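Since the structure comes first, as structure tokens, the remarks are kept for the end.
Everything quoted here is computed from the prediction, not taken from an experiment.
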Amino acid sequence: MSQKILVYDDDADILEVCATILRMKGYDVECKDNCKTLLLDIEKYNPDVILMDNWLPDIGGVKAVQLLKAKPIVNNIPVIFFSANSHVEELAREAGADFMLKKPFDLKDLQEMIVTALNKIS
């Protein structure tokens, strides 16, 4: 069974690029453009890694990561926080994310980050 990646980003182009690249690498990918049903999404999809953008409608990426990291049933899922914000490192730390990736990112860097995150849980 392939490993599952859940991607949150409000930019349809980024969702499409991430999904296409990661699916070509053999991952099962689910994309969401908001966090309205964050915990339900995670519970239903049961991802191995979550990619979380900073700029999301509703609660935003920082609050979304804090929310899921506060729930013991899902807080062990590695979260890669990604953003074009110049303070992405600080935001990722504030959120409690496991990893961070600055946009625009190299697709190779994305793939390496996914592998690193997956290795954290295995």
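- In this structure the side chain of Gln3 never reaches within 4.5 angstrom of the side chain of Val49, judged on heavy atoms.
- Here ring-ring contact (aromatic ring centres under 6.0 Å, His included) pairs that include residues 24-72, with residues two or more places apart or in two chains, number zero.
- The side-chain heavy atoms of Lys108 and Glu112, taken from C-beta on, include a pair separated by under 4.5 Å.
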Discussion item. Please evaluate residues Leu68 and Asn75 with respect to the criterion side chain to side chain contact (heavy atoms under 4.5 Å, CB included), reporting the C-alpha separation (whole Å), side-chain torsions for both, the decisive distance (0.1 Å), and the verdict.
Written reply: CA-CA 6 Å; Leu68 75 91; Asn75 70 3; 5.7 Å; no

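- Atom CZ of Arg23 sits about 10.5 Å away from atom OG of Ser2, to the nearest 0.5 Å.
- The line from CG of Asp41 to CG of Asn46 is 12.5 Å long, rounded to the nearest 0.5 Å.
- Within a 6.0 Å radius of CD1 in Ile73, no more than 12 heavy atoms belonging to other residues, nucleotides or ligands are found.
- Nearest heavy atoms, Cys35 versus Ile59: CB-CG1, 4.1 Å.
- For Glu43, the CD atom sits in a loose shell: 12 or fewer heavy atoms of surrounding residues, nucleotides or ligands are nearer than 6.0 Å.
- Listed by first and then second residue, the salt bridge (Lys or Arg N to Asp or Glu O under 4.0 Å) pairs involving residues 50-76 are Asp53-Lys103, Lys69-Asp98 (not counting sequence neighbours).
- Scanning all heavy atoms of the two residues, the minimum distance from Val88 to Leu101 falls at CG2-O, 4.2 Å.
- From Asp10, atom CG reaches atom CG of Leu56 across 5.5 Å, with rounding to the nearest 0.5 Å.
- With values rounded to the nearest 0.5 angstrom, Leu67 atom CG is found 5.5 Å from Leu38 atom CG.
- Residue pairs satisfying the ring-ring contact (aromatic ring centres under 6.0 Å, His included) criterion with at least one member in residues 56-76, sequence neighbours excluded, are absent.
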Practice prompt. Quick one: do Asn85 and Leu91 satisfy side chain to side chain contact (heavy atoms under 4.5 Å, CB included)? Show the steps, please.
Written response: CA-CA 9 Å; Asn85 187 299; Leu91 292 168; 3.5 Å; yes

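- Using a 4.5 Å cut-off on side-chain heavy atoms (C-beta onward), Pro47 and Ile42 make contact.
- The CD atom of Gln111 lies 8.0 Å from the CE atom of Met24; values are rounded to the nearest 0.5 Å.
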Fill in: Step-by-step side chain to side chain donor-acceptor pair (under 3.5 Å) determination, Asn34 to Tyr8
CA-CA 7 Å; Asn34 66 70; Tyr8 286 92; over 6 Å; no

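- Ile77 places none of its side-chain heavy atoms less than 4.5 Å from the side chain of Asp48.
- Annotation: the span from Ile5 atom CD1 to Leu22 atom CG amounts to 4.5 Å, rounded to 0.5 Å.
- Here the closest heavy-atom approach between residue Ala95 and residue Gln66 is recorded as O-CG, 3.4 Å.
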Fill in: Test side chain to side chain contact (heavy atoms under 4.5 Å, CB included) applied to Lys32 and Val7, step by step
CA-CA 6 Å; Lys32 298 285 179 179; Val7 184; over 6 Å; no

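- The two residues Met52 and Ala64 come nearest to each other via the heavy atoms CE-CB, 3.8 Å.
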Item to complete: Show the numbers, then the answer: is there a side chain to side chain contact (heavy atoms under 4.5 Å, CB included) between Ile80 and Thr116?
Response: CA-CA 10 Å; Ile80 300 168; Thr116 301; over 6 Å; no

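- For Glu89, the salt bridge (charged side-chain N to carboxylate O under 4.0 Å, His left out) test picks out no residue, with sequence neighbours left out.
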Name every donor-acceptor pair, under 3.5 Å, that has one atom in a side chain of residues 12-20 and the other anywhere in the protein, sequence neighbours excluded.
residue, atom, partner, partner atom, Å
Thr20, OG1, Glu16, O, 2.8

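- A salt bridge does not link Asp28 to Lys4: none of the charged nitrogens lies less than 4.0 Å from a carboxylate oxygen.
- Within the structure, the ring-ring contact (aromatic ring centres under 6.0 Å, His included) test picks out the following pairs touching residues 63-117 (sequence neighbours left out): Phe82-Phe105.
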